[in-house]
2 protein chains.
Amino acid sequence: MDDRVRPIDVTTVQERVYQELRNALYQGRFMPGEVLTIRALAAALGTSPMPVREAIQRLVTENALTQLPNRTFQVAALTLENYDEWIRVRCEVEGYAAQRAALRARPGICTELRKINRIFGQAIEARDAGGMLEGNQHFHFAVYEAADSDALLKIIGSLWLRFGPVLAFVQHIEGSIEMFRRGVAVHERVIAAMERHDAKEARFALALDIRAAASWFRRHHFGAGEELQPEPLQRRGLGQARPR
Amino acid sequence: MDDRVRPIDVTTVQERVYQELRNALYQGRFMPGEVLTIRALAAALGTSPMPVREAIQRLVTENALTQLPNRTFQVAALTLENYDEWIRVRCEVEGYAAQRAALRARPGICTELRKINRIFGQAIEARDAGGMLEGNQHFHFAVYEAADSDALLKIIGSLWLRFGPVLAFVQHIEGSIEMFRRGVAVHERVIAAMERHDAKEARFALALDIRAAASWFRRHHFGAGEELQPEPLQRRGLGQARPR
DNA sequence: CAATCCATTTTGTGATCACATATCGAAGAT
DNA sequence: ATCTTCGATATGTGATCACAAAATGGATTG
């Protein structure tokens, strides 16, 4: 009726706080283990504590934040023990998303992915640390959106939330450039599989991308330990109770 | 120091409201699409609106509830379109949990699972509708807990939340007894695979359990449509754009 | 009979207050 | 110097209030 005005943002303050905290976590603007207080965040965001506490509770539900017995909130920290656990879940879920994406891929999406991957590569050569993380994330989520499943996208979103804070450390690790370069190559392998609608290979390649990056990071951040292996499908020593 | 008193529940009201709503959803005490209001729930629970709105927001984050543009809350309803989508995600995630459980299974867990499955079977023969759903859930989550992954347990918990409300319909469908009986048999297949630490078979059998029950329910609840098939790994018609 | 209008009620949202508990810091004791 | 103690401050939690937007339900009009 009237094109002199444009639609404005009608979302609730709580929703915007939630999204803002989410972005901050994705981009590693909070450190793992960092303590967050409602009033401090409210002051920083320029609102009352009310919307903040609801947003924080939602993030606790997603395991992005942890509530200590003291009832204080802290950014979820990954210990070595559950690091592997979360990585393996990511390989399964995100691998499955890639599988779905390969089955549903329309030709346009692959050229789009190549474009995203090229920008990712340029950020690497430009030594743009923020751009590398962003480019990698951009590529992955473009694949997951091609899977055309809100359910999956939601789950994967919470999985990534958990890793955002530790990803900020990546840029300070020596050899990250080479690691990212290998990522570009594996991404191309994912795209090629999607082009052929080869779901199995797309899944494998994407899980490989996650696993390779994860075990590189694990080695440098947690300091060695054995490698992160794909899980076997049959356990050796049939019928034996696992020794504790 | 003093054993004349016992520990009491020190969780927040909000947490208890959240758990209560969660249980209500699991047990199908809310109908899909039902509208929930904060004040009404608060009155029914005997608290102020404050803890309720936080609990509700958490459930929205888990996709168990939906917030309409009117900003009213309703129990998430499954349409035929995304029913299959969620079921397939469940097959992947819960199948993976079974795979993990098979690798980690200690002998005790299998006898425990058989016991749970027997109780499940007894509920069926006793025509105890509530007991059937509960027994089935009990078995599944016993398997998932054996996977020893908090991450997985959390994800699967939210997946089940989504299906709780529609599960209440199962008891009114003719032939549910036979369906549940087949479930007991497939459960046994899962247990046998776990005993042999055959992770691949455990995963397959558990996904089969979900898929069989889901396509039975789908046929009777949504009324026919084609069957729910496991996803192919290669698409026919290579390089062809999918017709819309 | 159907549609419209308007007063009333309901409902989510944000802000503020009250309070119990936890945390911190300085003064004091051993 | 180290530990303890105690007042002051900070923090999460629950309740209440205020308000705008939506839903409701008659009364009125065509």
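Below, chain A is the first sequence line, B the second, and so on; all start at residue 1.
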Colleague: Centre-to-centre under 6.0 Å for B/Phe120 and B/His187, is that the case here?
Modeller: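 Ring centroids of B/Phe120 and B/His187 are less than 6.0 Å from each other.
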Colleague: Output the rounded distance in Å from CG (A/Leu65) to C1' (D/dT11).
Modeller: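 Whole-Å distance recorded here is 16 Å.
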Colleague: Between B/Ile177 and B/Arg127, what is the shortest heavy-atom contact and its length?
Modeller: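 What the structure gives for the nearest pair is CD1-CD, 3.4 Å.
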Colleague: If a pair satisfies side-chain hydrogen bond (donor to acceptor under 3.5 Å, both in side chains) and one of its residues is in residues 160-172 of chain B, list it, with sequence neighbours excluded.
Modeller: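 Listed once each, the pairs are B/Glu94-B/Trp160.
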Colleague: When every nucleotide of nucleotides 5-18 of chain C is labelled 5' to 3' by its protein contacts under 4.0 Å (heavy atoms), B for base, S for sugar-phosphate only, - for none, what sequence of letters results?
Modeller: ------BBBBB--B
Colleague: Distance to the ring centre below 6.0 angstrom and angle to the axis at most 45 degrees; does that hold for A/Arg90 and A/Phe163?
Modeller: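 Yes, a cation-pi geometry holds between A/Arg90 and A/Phe163.
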Colleague: Salt-bridge test for A/Arg106 and A/Glu112: reply yes if a basic N is under 4.0 Å from a carboxylate O, no otherwise.
Modeller: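 So A/Arg106 does not pair with A/Glu112 through a salt bridge.
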